[in-house]
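Accompanying notes for the structure given below.
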Amino acid sequence: LTFERRGGSLRLDGLPVVNAPAALKAEALAAAGIFGPYFKDGWSGTVTLRVGAVEGQASPEAYELTVDAAGIRVVGNSSAGVFYGLQSLRSLLPASPARGAAIVLPALRVVDAPRFGYRGLHLDVARNFQPKATVLRVIELMGRYKLNALHFHLTDDEGWRIEIPGLPELTEVGARRGHTLDSAAWLPPAYGSGPDIDRPFGSGFFSKADYIEIVKHANARHIEIIPEIEMPGHARAAIRAMDARFRKRAAAGDAAGARQYLLSEAEDKSVYKSVQDFPDNVMNPGLDSTYAFIGAVVDGMVALHAEAGVPLRNLHMGGDEVPAGVWEKSPAALALLKARGLLSVDDLWFEFYGRVEQILERHGIPLSGWEEIGVRKTRLDGRPTLIPNPQFAGRGWRTYVWNNVPGWGAEDLAYRLANSGYKVVLSPVSNTYLDMAYNTNPVETGLFWGGFVDIDKPFDFIPLDYYRSQKEDNRGNPLPAGLFVGKDRLTDYGREHILGIQACLWSESSRDDGRFEYMLMPKLLGFAERAWAPDPDWAVERDETRAAVLHREAWSRFVNVVGKRELPRIDFEGLHVNYRIPAPGLKVANGAVHANIQLPGLTLRYTMDGTEPTAASRAVEGPIPASGVIRVAAFDGRGRRGPTATLRIQ
């Protein structure tokens with residue numbers, strides 16, 4: 001980053017004129033949209049956009065932003081660079097001015113480029129469905145904070161959420177939940193979706209038109225949609241849908257058509273149980289129909305992207321959490337085992353993904369999946385362990401690595417895979433799983449199997465040395481000294497294989513309207529900082545005392561920017577994001593109650609009679625008399641209230 005503050009300023013009294021070539025039509029619209037909330041009419045100044053070489057920057061996403069009395073100029077190495085320069089321009093505008101008031105911008109020059117080429121967000125719409133409007137709003141946020149990949153988790157055991165032409169059962173059966181004894185016509189309730197069929201958020205899917213709109217919306221913001229089709233595990237919705245297809249075709253006398261896309265084998269007596277307690281959620285790799293199904297789905301996804309005018313470049317093929325015991329008593333799987341001369345059913349994993357890779361190669365798409373696609377199960381000192389699988393290293397596979405839970409034994413797996421030649425996207429649960437509860441407060445919904453993730457965890461993440469990011473275990477206790485001794489660190493060779501980082505938002509606990517965004521924001525802002533910018537000074541400082549001082553200073557700046565600029569700007573621009581408002585902290589000292597808040601800029605209001613604070617209650621402007629029942633809550637600029645903190649003074 002190069003930042004130069006120059007003499008003078010630029011005054012805008014109305015909408016600026018946007019000058020851009022036809023190739024930058026989307027960016028010109030984005031530029032006009034940035035100023036739209038500030039001015040209703042009038043013209044003042046110019047914004048000039050162009051693609052050209054940014055001095056000293058090789059990244060295609062680099063940009064140069066210049067502001068002076070002559071106007072605003074944004075140059076990018078590509079149209080994406082121009083778009084990101086405009087987002088930096090947005091951050092210079094006042095957070096919540098009077099509409100129509102003049103804007104005065106300081107003269108400056110900024111040259112910037114991202115640290116990582118992959119800056120992703122994973123959205124799960126399978127466990128609990130999220131409507132198109134929510135997804136579009138999330139994409140809007142991603143663009144503003146310069147994220148460029150939406151990993152779209154469209155299928156899982158509990159739901160199939162995308163229409164695939166020619167396979168209507170996938171949504172007729174797999175996208176619906178309600179009370180059922182056999183999952184023949186729809187799936188059972190899950191994650192609080194309730195007994196009624198077609199009730200949000202258990203039921204729902206994206207039509208072809210919906211999905212194409214999402215792809216186009218993302219593409220205009222330089223965000224790649226990477227759909228995920230879970231396999232071979234986490235596939236119960238697909239399996240049950242293809243069972244229904246089999247019954248329907250068989251009843252019509254079409255025996256061959258009935259078996260065309262079957263994913264399970266009636267004669268399979270294998271006994272297993274998945275992490276979510278499903279005994280029937282894994283595709284059978286011994287059936288040719290399994291690969292016919294995968295091919296049909298891949299063809300369908302490629303066609304959807306082609307219709308959107310945005311070629312499908314990456315497709316995530318799942319791969320996680322296949323339980324022990326699968327395929328052990330499947331005649332088809334055992335026959336394949338024998339035909340290939342394999343030693344155990346575990347080796348069928350590699351047979352399966354070898355064929356999946358061939359299906360993708362027809363479309364020029366590389367294989368991507370969760371970390372399991374790059375590992376081999378083995379044992380060390382009698383205990384199960386995972387090692388990078390040499391069979392697939394160097395084939396360009398992209399592995400998304402989430403497991404770094406302290407004490408589970410895989411704390412260094414991401415680095416070992418990168419050091420072995422696998423492309424790696426870092427998605428560690430400790431710092432980037434946004435669905436983890438903010439803290440231990442019972443009012444905070446969310447999971448905590450991987451720890452508690454508040455706004456500080458993404459901010460504290462040090463991607464290429466993440467052992468330093470981990471200070472506590474998954475119950476919030478301090479980590480024992482020496483936990484990471486002997487763990488692999490990232491080599492220079494391994495660094496070349498780190499594509500970037502990704503935050504993950506799963507939806508098990510997001511079944512209420514607005515809860516998805518509550519878990520996302522403002523956690524996303526710290527993550528976006530780590531995805532774009534180099535390591536901050538506190539992350540590279542080796543003296544722990546000095547690093548702690550630098551961190552406190554950086555944290556103070558960050559929460560002030562979030563609370564006083566970014567969240568108010570989101571409100572001012574009318575995005576209507578249901579971001580989280582934290583609970584205040586209260587303390588009695590020197591005969592008075594003192595209140596503070598994690599995010600400066602929110603307004604604290606209180607009552608002393610035990611009633612809930614409202615937007616009309618007195619604002620906290622200093623110590624509160626320690627008397628009665630004191631309730632304090634924070635309010636944003638729209639008047640929304642966060643959780644109430646209560647003190648009963650005896």
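All values reported here derive from a predicted model rather than from experimental measurement. Only heavy atoms go into these numbers, but all of them, side chains included; no hydrogens, no water, no symmetry mates.
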Next on the checklist: Could you walk me through whether Asp196 and His179 satisfy the side chain to side chain donor-acceptor pair (under 3.5 Å) test, starting with their C-alpha distance in whole Å, then the side-chain angles of each, then the deciding distance to 0.1 Å, before giving a yes or no?
Outcome noted: CA-CA 7 Å; Asp196 298 330; His179 271 181; over 6 Å; no
[atom2] on [Y] to [atom1] on [X], rounded to 0.5 Å:
{"X": "Ile581", "Y": "Leu567", "atom1": "CD1", "atom2": "CG", "answer": "9.0 Å"}
{"X": "Trp538", "Y": "Arg546", "atom1": "CH2", "atom2": "CZ", "answer": "14.0 Å"}
{"X": "Arg565", "Y": "Phe572", "atom1": "CZ", "atom2": "CZ", "answer": "12.5 Å"}

Short side-chain donor-acceptor distance under 3.5 Å, [Y] and [X]:
{"X": "Arg127", "Y": "Ser507", "answer": "no"}
{"X": "Asp198", "Y": "Trp186", "answer": "no"}
{"X": "Thr432", "Y": "Lys523", "answer": "no"}
{"X": "Asn578", "Y": "Arg640", "answer": "yes"}
{"X": "Arg631", "Y": "Thr646", "answer": "yes"}
{"X": "Glu529", "Y": "Tyr145", "answer": "no"}
{"X": "Asp571", "Y": "Tyr579", "answer": "yes"}
{"X": "Ser510", "Y": "Asn128", "answer": "no"}
{"X": "His576", "Y": "Glu517", "answer": "no"}
{"X": "His222", "Y": "Asn148", "answer": "no"}
{"X": "Trp370", "Y": "Glu228", "answer": "yes"}
{"X": "Tyr518", "Y": "Glu444", "answer": "yes"}
{"X": "Arg236", "Y": "Ser183", "answer": "yes"}
{"X": "Thr445", "Y": "Arg515", "answer": "yes"}

Centroid separation under 6.0 Å, is that true for the rings of [Y] and [X]?
{"X": "Phe459", "Y": "Phe527", "result": "no"}
{"X": "Trp449", "Y": "Trp402", "result": "yes"}
{"X": "Phe152", "Y": "Phe206", "result": "yes"}
{"X": "Trp532", "Y": "Tyr84", "result": "yes"}

Next on the checklist: Under a 3.5 Å distance rule, please check whether Ser556 uses its side chain to pair with a backbone N or O of Glu553 as donor and acceptor.
Outcome noted: no
Item to check | Passing candidate, side-chain contact (heavy atoms from CB on, under 4.5 Å) with Val632, options Val593, Asn596, Ile624, Thr644 | outcome: Ile624
Is it true that [X] and [Y] have a side-chain N and a carboxylate O under 4.0 angstrom from each other?
{"X": "Arg119", "Y": "Glu224", "value": "no"}
{"X": "Arg221", "Y": "Glu140", "value": "yes"}
{"X": "Arg569", "Y": "Glu566", "value": "yes"}

